[in-house]
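Lettering of chains follows the sequences in order, A, B, ..., and the numbering in each one begins at 1.
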Amino acid sequence: MQSSRGWFSFMDDSVTETLSQALQGTGEQPDREPDTEILFGNLRGSVVGLRYYTGVVNKREMVSLVRQPQNPHDRNAVMVANVYGSQVGHIKRELAASLANIMDNNLARIDGVVPFGATNVFTMPVVLSFWGTEENRHAVVQQLSSHGFKLQTGSSGTNTHAHCANAASCVGICLTLCLKNAFDSLFEDLMEDKNGEREAAVCTPLLPHQKQALSWMCVCENSVALPPFWEDKGGLFYNTLTYSSVRERPQRVRGGILADDMGLVRLWRLCEWMCDCHVSDQSLRGPVGFLQCSNLRQTDCIPRLRVCENSPGNMPAFLCLCTCVCVGKRAGSEVGAAIAAPSPSPDDTAATTTLIICPLSVLSNWLDQLEQHVRPDVRLNVYLYYGPERNRDPRFLSTQHVVLTTYNVMTADYSGSGGPLHSVTWLRVVLDEGHVIRNPNAQQSKAVLDLNAHRRWILSGTPIQNSLKDLWMLVAFLRLKPFDVREWWNRVIQRPVTVGDKTGLGNLQALVRCITLRRTKTSRVGGRPLVSLPKRSFNIEEVELTTREREEYELARTEGRATISRYVEEGSVLRNYADVLAILVRLRQFCCHPDLLGSTLSQTGVVTATPAELRERLIERLRLVLGSGSDEECPVCLSSVRLAVITHCAHVYCRPCIAEVLRTEQPARCPLCRGPIKASELVEFPQEVEEEAGGYPSENWRSSSKVDALMSSLLRLRCEDSSIKSLVVSQFTRFLSLLEVPLREEGFRFVRLDGTMSQRRRAQVIQEFQSHSPGSPLVMLLSLKAGGVGLNLTAASHVFLMDPAWNPAVEDQCVDRCHRLGQTRDVVITKFIVKDSVEENMVKIQRQKQDLVEKAFGTNPSKRKTSRIEEIQALMEL
DNA sequence: ACCGCCGGGTGCC
DNA sequence: ACCGCCGGGTGCC
């Protein structure tokens, strides 16, 4: 099942996990959300029975505890295993009785570290750390103390988990993680760290980033370097994070993640190079692939979506890599693999087939690319493993150079165990749009992990979509020891990072850096920009309201001003913050279209009786503000609110941001109004809520100045050049609905993309919009929040920003959907701003915003508070 | 295990 | 001595 999109799926998962735990009882290992766990304390125990087992540990090595309820000697038995899962011993009986209770009831997750005495013969010490949710803390402490054990709290000397040293570092980390481009923040200053280009492999005009990607992939497939965090210690290999060691050399993953956030590469260039160039690598000589695909044309079952001119993602680079290897087999002769394997390891020679798995939506894309660009004088056997008639014979499949299939087909074949694709040992498995396997519980993820391959690649523009958790599946697929086991990933990477540990973040950076190639349009190679993009220009178009609109607007404004200035005088702006936001949203909506405001938003300033009623009203008001689509700002991270939660005092924050406050402040206070806040009183606000479906019948419809301004721009554009496509962006989903009417009337073909749409529908819409065929949509109505990272809308070269956002970064991000690699035209951005309105003031504030973000780092919260009030006053011209 | 614990042998100084 | 003390056997869960 496709998990829901965006940050919201983070919550879905945790809910599902809790549920499944409850249903399973003592089934699989509990898989709680490590992000929300806190450290209860540490306890010194001992591991006994060492002489009966072979598992060894090093000083400071991490160990894991495994329950053995079936142990004949003691049903409370708790086994101790090292990083590789070999048994080291057992927890001493008395302590085990207590631990068994905690573990069986999922009260805490228990980590072990052997601080010293690793070479002992009979017993060794172990420091146990107890992690769990706040509500279980008491039960754990109670359980332990009833057996006479006392948890050590605070940072005692033996605690190996670094703690958040101070609130400041926590806020720093929170900020880092709250940034939408969390993934890119992992790459700070690392962009140029890659192996550069491999000049030897290049002799035709290959674009710099193509050279870079290809040579990087070659290095990854052939490198004999140790995986990250391993050291050669005179014959023994030593892991610097877990302190474990092994005798045999840990194998680095042959492969990695190609995470370019741009429509990369012109395929023909690569193929040109593959065909014509002669490189120092002897093995690469010779022609490259003629597409020998017996069944490609008989696959009517595949929806052949129109292929965009610009191949998405890294498909072409991969095609190149894959075919390079295939091509080693020249007409008849069995030359070993080519560029990708100058010195093939023995087991590699057996397997020669590359399996490419992709979503159905891009399958036809791969096919077309292969068909169009592989040279006709070389045989390249490509088999499309799809459709009811597919050849399921593993021996046949292994004779192909490339086998192409979809996640669904592979998963259906697998159904829990095996299947033809699992009977082949592949030279290489490539996961296109690899982020689709981010949910480890999904069948397709399990199936993918079970494939046999020598080399593994992931293509994904957005490897991290929601949280660090997304990365685990990818790391597991790449078999990056020991992180392919969830426990070690959680302990060594995920939890330290979320707890705010600087070294944890450093480790994550190091890890990601060595398995990922990440380039964005601003990346540089050898000091030069990787790609040069068409120009982009930015215009603000002032919109004058009609006299009637102006009258109505002034009425609302005066009313709003009166309310807010009363709050200012009373000093209660922050207490009535939701009300203030509602007034602002109302005015902002008015600037777009008078019919935009929901009826419930229009009444303000009603004096309510009890404080409880007042609170309810404020929270309700905030829900309406968020429900309108308005991109509100989180006062903690100063970015757009993600995973919105509303406090008791009616302020809105990102869930992770407020969780951080709750964890670090005792007692916790609302960063805005300093009122007490409790985790239990937070109100979740679902990310994308369907507003009451606003069908706007043409007869009741009226225009507005801003709508007119947009329409005249669009009509003029269509007149000048009917091939120009436009993005029309608004925060307010209702506004998008309103805009449909005049678009339809003027005969514009358009599509709509907003947050409520299913992943499948989105893909369809994007595909449709990106198409260049005559009659394809000229306009896309895009909700600001749906225009997140990863979207490729290069078909558009004009962007109309219908309403200003608080956060200019969000607008930039939206514009970047079309101003990215693959864009052939100059991009023109038009922002409509109503003259003499709250919008104008928002733009002014936007300009100061970047400055404010910088200042907010490290300044005290009260400063933020005052700047917030000043901001509101500026908006209302008070 | 250079321990702890068990249980049998032993028994004033 | 229904003790203390000694010294041998013994050893995860």
For nucleotides 11-13 of chain C, tabulate all protein N/O to nucleotide N/O atom pairs closer than 3.5 Å, reporting atom names and distance.
unit_1, atom_1, unit_2, atom_2, d
C/dC12, OP1, A/Tyr52, OH, 3.3
C/dC12, OP2, A/Arg51, NH2, 3.3
C/dC12, OP2, A/Tyr52, OH, 2.6
C/dC12, O4', A/Gly49, N, 3.4
C/dC12, O2, A/His90, ND1, 2.7
C/dC12, N3, A/Tyr53, OH, 2.9
C/dC13, OP1, A/Arg93, N, 2.9
C/dC13, O3', A/Asp74, OD2, 2.6
C/dC13, O2, A/Asn71, ND2, 3.2
C/dC13, N3, A/His73, NE2, 3.3
C/dC13, N4, A/His73, NE2, 3.4

| For atom P, what is the distance between B/dC5 and B/dT10, given to the nearest Å? | 25 Å
| field | Flag for A/Gln143-A/Ser98: side-chain donor and acceptor within less than 3.5 Å | value | yes
| field | Within 45° cone of A/Tyr238 ring axis and under 6.0 Å: A/Lys233 NZ or CZ | value | yes
| query | Given atom CG of A/Asn120 and atom C1' of B/dC3, what is their separation to the nearest angstrom? | reply | 12 Å
| message | Can you pull out every salt bridge (charged side-chain N to carboxylate O under 4.0 Å, His left out) where at least one residue sits in residues 84-100 of chain A? Sequence neighbours excluded, please. | response | A/Asp74-A/Arg93
| Given that both distances must come in under 3.5 Å, which nucleotide forms a Watson-Crick or G-U wobble pair with C/dC3? | B/dG11
| Can you tell me how far CG of A/Leu95 sits from CG of A/Leu99, rounded to the nearest 0.5 angstrom? | 4.0 Å
| request: Could you tell me whether A/Arg456 sits above the aromatic face of A/Phe477, with NZ or CZ closer than 6.0 angstrom to the six-membered ring centre and within 45 degrees of the axis? | output: yes
| In terms of side-chain geometry, is the basic nitrogen of A/Arg655 or A/Glu684 positioned less than 4.0 Å from the acidic oxygen of its partner? | yes
| request: Determine the interatomic distance between P on B/dC13 and the same-named atom on B/dG9; round to the nearest Å. | output: 22 Å
